[in-house]
Protein chains: 2
Amino acid sequence: MEYTVLVRMNEKLFLRDPESSALGRRIVRQGILLVTDIGFEEMTFRKLAERISTKEASIYRYFENKHRLLVYLVAWYWQWLEYQVVFQTNNLTDPREKLERILKLMLLKDFAQPNASSAADEMDVAALHRIVIREASKAYLTHHITEDNRHQLFKPYKDLCGRIAGIILEYRPDYPYARSRASSIIETAHYQAFFMQYLPSLTDFGTGSGGQLGNEDRLLSFLRHLLFSSLETATLSTSR
Amino acid sequence: MEYTVLVRMNEKLFLRDPESSALGRRIVRQGILLVTDIGFEEMTFRKLAERISTKEASIYRYFENKHRLLVYLVAWYWQWLEYQVVFQTNNLTDPREKLERILKLMLLKDFAQPNASSAADEMDVAALHRIVIREASKAYLTHHITEDNRHQLFKPYKDLCGRIAGIILEYRPDYPYARSRASSIIETAHYQAFFMQYLPSLTDFGTGSGGQLGNEDRLLSFLRHLLFSSLETATLSTSR
DNA sequence: CAAATATGATAGTAATACTATTATTCTTGC
DNA sequence: GCAAGAATAATAGTATTACTATCATATTTG
């Protein structure tokens, strides 16, 4: 029920709604798996078509090109995440608790799993999370960002950041950088997770050693530290 | 003099050293301008060759492919920036002052300009800065990052982060996240600058309004706030 | 069950990302 | 000043990519 609300996507994100047909759903679900397998650059509609036993031209009836498919996947993830944020913070009163939950969600901890019975047709959120970490910035780091933005393709990300910014302001109403704080904590979560895996010397969460916590938990501690240290700073010198 | 030290690049970054010939230097310098003009995805060696009146095959003798050219440009920038950091902080004793200088350098404020006479053959650092903001993550967000990393292609970035992490530890010797703090402040500086320009609603530095400071200065204030609030936090709950 | 719609099957095009080959020019050591 | 070697120009060619077009065949739906 709420799921259909969750996946109602901006119509500019596709040519034909992939959720409206079995083929469309396979394009999206297998597209996620193919991109996680071989990476976005190496993914082609031909390979995806072969994987799901259809033809290139059929995929082009759903998505203009592979960049739009990426934008769709990433937008879906942001909408899903915002839904999780709303769902998991609605019953909380303490804004600090809300922010704690959000940090965990950003690392895909303790999110609301769909019922196991309908798992076959579900989106693989864990795979999508990996795509967001590795590929999401390619969705907006393009020469045509202005046009894409005009088509509202990034609205789900903006909505999520706006919602988190609102909770930041609940926690600290006079905080002057709520939106930048929201977008930067999300981005930091993602590329620190990436660096942790591929360029660990850029982090303090190397694969081995360090503390009794696992790397994921140490990353979470770092994000908590970053977020709350900034929100709890007494003096905010806007000039200097 | 120090310049030759600065540009001594890892030999894995190219096939033939582009600084060793006039054509190589034009490839790099005009490559910077072409990428800033049309974006990395749209740049091709054919277009670059036409721009500098040479042939595609000649460019391939210097760089294996266009991704390697991007990696080269980004690596050059990190080496240049590390040099600037060393140069501008060497005479300072206060680590806080050093970090202040570094923040400004990250936004390309007050950097040491080369003498105007030799400007014709200089790298356009301002254009390169724009490339780093818009394209640098494409240098490492690839399916072949592990191999590229084995070839040390990202060493200049690691070196810069390591140096900044060292200064962070001068300022606060017990800080447990020095490397992550260094990499995250750099990344934050760059995509906040990007968002400010293209997706301003993700930031608090919209094109209009707000305070008496310009957007660049407000971004600097934000970065200063982020960095020092985290470094000055009394209690660092590594667990929780 | 007819009409509309979706997909399959096949073909084709322009551009991209290279590689190869040979001719020409440009250096550089002697 | 010239021969040997290196760099570049000029031209060609290939496999792949990123599409678009067309028409036949299913499949859905009113």
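FYI, side chains are in, hydrogens and waters are out, and symmetry mates aren't considered; it's all heavy atoms of this structure. Protein chains get the first letters and strands the later ones, always in sequence-line order, with residue 1 at the start of each.
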- [ ] With sequence neighbours excluded, tell me which residues meet side-chain hydrogen bond (donor to acceptor under 3.5 Å, both in side chains) with B/Glu56.
- [x] B/Arg46
Open item on the list: Suppose we screen for side-chain hydrogen bond (donor to acceptor under 3.5 Å, both in side chains). Which residues come up paired with B/Glu41, at least two apart in sequence or across chains?
Closed with: B/Lys138
TODO: Write down the distance between NZ (B/Lys47) and C1' (C/dA17), rounded to a whole number of angstrom.
DONE: 13 Å
Task: Pairs touching residues 64-82 of chain A that satisfy salt bridge (charged side-chain N to carboxylate O under 4.0 Å, His left out), sequence neighbours left out - done: A/Glu64-A/Arg68, A/Arg68-A/Asp148, A/Glu82-A/Arg163
Open item on the list: Using modelled atom types and a 3.5 Å cut-off, is there a donor and acceptor pairing between side-chain atoms of B/Arg26 and backbone atoms of B/Ile52?
Closed with: yes
TODO: To the nearest 10°, let me know how far the axis at one end of the helix from C/dC1-D/dG30 to C/dC30-D/dG1 is tilted from the axis at the other, five pairs an end.
DONE: 30°
Task: Nearest-Å distance for atom pair NZ/C1', residues B/Lys66 and C/dA15 - done: 12 Å
TODO: Quick one: list whatever passes ring-ring contact (aromatic ring centres under 6.0 Å, His included) with B/His144, sequence neighbours left out.
DONE: B/His67
TODO: Could you note down all residue pairs passing ring pair (Phe, Tyr, Trp, His ring centres under 6.0 Å) where residues 15-52 of chain A supplies at least one of them, sequence neighbours left out?
DONE: A/Phe45-A/Tyr60
Open item on the list: Without decimals, in angstroms, what is the distance between B/Phe63 CZ and C/dC18 P?
Closed with: 14 Å
Task: Nucleic acid footprint by protein, nucleotides 6-14 of chain D - heavy-atom cut-off 4.0 Å, B for base, S for sugar-phosphate alone - done: -SBBSB---
Open item on the list: Among residues at least two apart in sequence or on other chains, which ones pass ring-ring contact (aromatic ring centres under 6.0 Å, His included) with A/Phe194?
Closed with: A/Tyr198, B/Tyr140
Open item on the list: If I take atom CD in residue B/Glu50 and atom P in nucleotide C/dA15, what distance separates them, rounded to the nearest angstrom?
Closed with: 12 Å
Task: Pair A/Arg51 + A/Asp37, salt bridge at N-O below 4.0 Å - done: yes
Task: Length of the CD1-C1' vector between A/Ile59 and D/dC19, whole Å - done: 13 Å
Open item on the list: According to side-chain hydrogen bond (donor to acceptor under 3.5 Å, both in side chains), who are the partners of B/Lys12, at least two apart in sequence or on a separate chain?
Closed with: none
Open item on the list: Which residues pass the ring-ring contact (aromatic ring centres under 6.0 Å, His included) test with B/Phe222, not counting sequence neighbours?
Closed with: A/Tyr177, B/Phe205
TODO: Report which part of the nucleic acid B/Tyr60 touches: base, sugar-phosphate, or nothing (heavy-atom distance under 4.0 Å, all strands).
DONE: base
TODO: Please state how far atom CD1 in A/Ile52 lies from atom C1' in C/dG8, giving the value in whole angstrom units.
DONE: 13 Å
- [ ] With sequence neighbours left out, write down each residue that passes side-chain hydrogen bond (donor to acceptor under 3.5 Å, both in side chains) with A/Ser21, or none if nothing qualifies.
- [x] A/Tyr62
TODO: Tell me which residues in residues 31-43 of chain A put a heavy atom below 4.0 Å from DNA chain D, sorted by number, or none.
DONE: none
